[in-house]
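Okay, structure first, notes after.
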Amino acid sequence: MTKKVIHLAMAAVSILIISCNKNSQTTDSAHPSASSENYAGKPITHQYDTQIDSLIRQMTLEEKTGMLHGTSMFSTAGIERLGIPELKMADGPLGVREEVSRDSWAPAGLDTDFATYYPAGAGLSATWNPELAYTFGNSVGEESRARDKDVLLSPAINIIRTPLGGRTYEYFSEDPFLNKKLAVPFIVGLQNNDVAACVKHYAANNQETNRDFVDVQIDERTLREIYLPAFEAAVKEANAYSMMGAYNKFRGSYLCENNYMLNEVLRDEWGFEGVVISDWAAVHTSVNSLKSGLDLEMGTPKPFNEFFLADALIDAVKAGEISEEEIDIHVKRILQLLFTIKSMGGEERTKGSIHTEAHFKDAYDIASESVVLLKNDKNLLPINPAGISSVAVIGANATKKNALGGFGAGVKTKREVTPLEGLKNRLPGSVKITYAEGYQERYAPKKEAIFGDVTQERSTTIDVLNPILLEEAIQAAQNADVAIIFAGSNRDFETEASDRADLALPFGQVELIEKVLAANPNTIVVMIAGAPFDINSIKEKSSALVYSWFNGSEGGNALADVLLGKINPSGKLPWTMPKRLEDSPAHATNSFPGDKVVSYDEGILVGYRWFDTKKIEPIYPFGYGLSYTTFVIKNARADKKVPYLTNDTIYISVDVENTGDMDGKEVVQLYTTKKDSKVERAAQELKGFEKVHVKKGETSTVTIALPVKELAYFDIEKRSWVVEPGNYDLRLGNSSRAINKVVSVAIGTE
Ligand code: BGC
């Protein structure tokens, strides 16, 4: 369901696609002017500021502090006599979370809180499609309003620093550019529905291990170039109305009382006018938190008046440690947010809708573009139902549901189509489906893991197969024309609050997959996961390999449509799949997880930046994904031969020819390399991309607009972004390791 975007020509990169048929000449005659891909959000309104000041003058100190802390699990106090409503919040990234009790995490037990389960972050990012990010934001925004929410605690956009991160499935990418290009439309779509995004977790919260106290050390350039760009764009381009302060420390101070990050960077530099909300129980002080830039404290069960911004804050005002005028600043921000989202002020507000067919369709559209085809050597895919009479469906993930599970926010939904159900829905009755569970999701009692002098509990899995189930699976595979194994992980195994110990596939799956592959060479392996796993041997032994995600209400239907060729896969990996954990930067530098302190020693070389600079071969590279058709990217050209200047935009065009026999979508990716830089640079950096639909036999021209400013590095002495003059390579291809065209451009001095 798309409500059309307000297209303001403001965002950093713009793209134009001109479709033409195979024989037509493609020209770059005029410059592509403004793009169809720019998203900008409406700012916080100041229209009611005088009214707000007058309301604040009428409030008691107790009423003011009631607005600055949770008075239920997901809301703050309103002030009835002044017509001020509660501020009502809900998680989160997978859809609007079910209602919990006012004073505990126990489900409220309602039958009015069913919601659409949307694909988790990794699924959205694998689409490489900002329009779908807008669709997602808009759709979940409508659901938020139907549930009468003011703030949705989403999107979650921390950078994936390690493949082991427990929330990798929830986050978008290892790359700051892809991250921001999806975060901005998501936020704009969401906020267009009179609900505030709460962008989380600001910032440098890239591991679950010791997240409550670990002190993250990142050098300034790395912070600016890798960990902050999506947050910065969320503020400057999308005008996000709220931000969630993370649990951990950054350079010695907790992020909910970090003056540098909250006051200096977020507000003074970026101009953030919204509300900083703490993560749940992430606050440690009263006066210092407020003075350092926090506005609102949320938390987990304890009497709400015992929160730091409750009675203790009142005492602090009375003791003269903080003035009432300072309290007013934070109250005013919350009131401005309430007026901006039309919870106050009497303007007509979006009513929304929830758990509708239209929203299931949105979830389907996202899921269907997210599935990544990793290998199809013998063209087992797509399956032609007319050519087979039986399919063996193997693996616990064929029936596993992931809307709920693990630690952290899930969604209560009446619809979650599993992969097995998807195949049953889509295969004709003439094809017999036999299901065999194959492996079981089993856990042993928790074990303690020791990091320096810090100890944490970790789940361990039972990795031996049940011989009866194994035999059943082998039999099923032997007796079928085609076998499909649904393997991978799930949201109990990949979860908030703990990182994985290694990359191993749990529950004995590798053995199962190897034996099924031996039993039937026509076996397709489908991984369902949110993060990289060790699939070395599976890659080697299987000829058809697909990666899918915790993919929402319609995940099973979308997956079946990909396997059966109704949808031509167009997903691309949003992170690097390493061959070995030690190849990944945080592990190669032995700087994960730290104990009380973690220092990001790999600096700017996060993700593929590390692999490409150090020339390490991954299993599958960032940006990789095949299609059932083939594309040729050719005729790369920049619009000018003379040097570009800092305020210019480089328009670079390529022709994308679909040389196969199926219509399909391809993602043209633009990486840049600075030659002879005076500072350390990654071998290449993503600076533009565009997903384009090309009919079989036809050619489309894609023009990517690259503002020269995107080539800047962060100069720590000048404390600003600097574009180095000289030569740059613009590298175009369809993955970070499949660059087939390089165009050199010069940037001149002003
Ligand atoms: C998570 C947040 C979430 C909050 C409320 C915290 O544990 O880190 O992402 O929004 O809980 O459920």
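Both counts, for ligands and for their atoms, begin at 1 and track the order of listing.
Tested against E496 for a salt bridge (charged side-chain N to carboxylate O under 4.0 Å, His left out), the candidates R491, K200, R211 yield a single pass: R211.
Checked for salt-bridge contact, E602 and R161 meet the test: a charged N lies under 4.0 Å from a carboxylate O.
Side-chain contact check for E174 and T576: at least one donor-acceptor pair (N or O, by modelled atom type) lies under 3.5 Å.
Between F136 and Y118, the ring planes lie parallel to each other; the angle is under 30°, not in the 30° to 60° tilted range. Between W270 and Y202, the ring planes lie perpendicular to each other; the angle is over 60°, past the 30° to 60° tilted range.
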Could you give the N/O to N/O pairs under 3.5 Å linking ligand 1 and the protein, each with its distance?
from     : atom 1 : to   : atom 2 : distance (Å)
ligand 1 : 7 (O)  : Y247 : OH     : 3.0
ligand 1 : 7 (O)  : E496 : OE2    : 2.6
ligand 1 : 8 (O)  : R167 : NH1    : 2.8
ligand 1 : 8 (O)  : D279 : OD1    : 3.4
ligand 1 : 8 (O)  : D279 : OD2    : 2.7
ligand 1 : 8 (O)  : E496 : OE2    : 3.4
ligand 1 : 9 (O)  : R167 : NH2    : 2.8
ligand 1 : 9 (O)  : K200 : NZ     : 2.9
ligand 1 : 9 (O)  : H201 : NE2    : 2.7
ligand 1 : 10 (O) : D91  : OD1    : 2.7
ligand 1 : 10 (O) : K200 : NZ     : 2.9
ligand 1 : 12 (O) : D91  : OD2    : 2.4
ligand 1 : 12 (O) : R97  : NH1    : 3.2

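Between Y169 and W575, the ring centre distance reaches or exceeds 6.0 Å.
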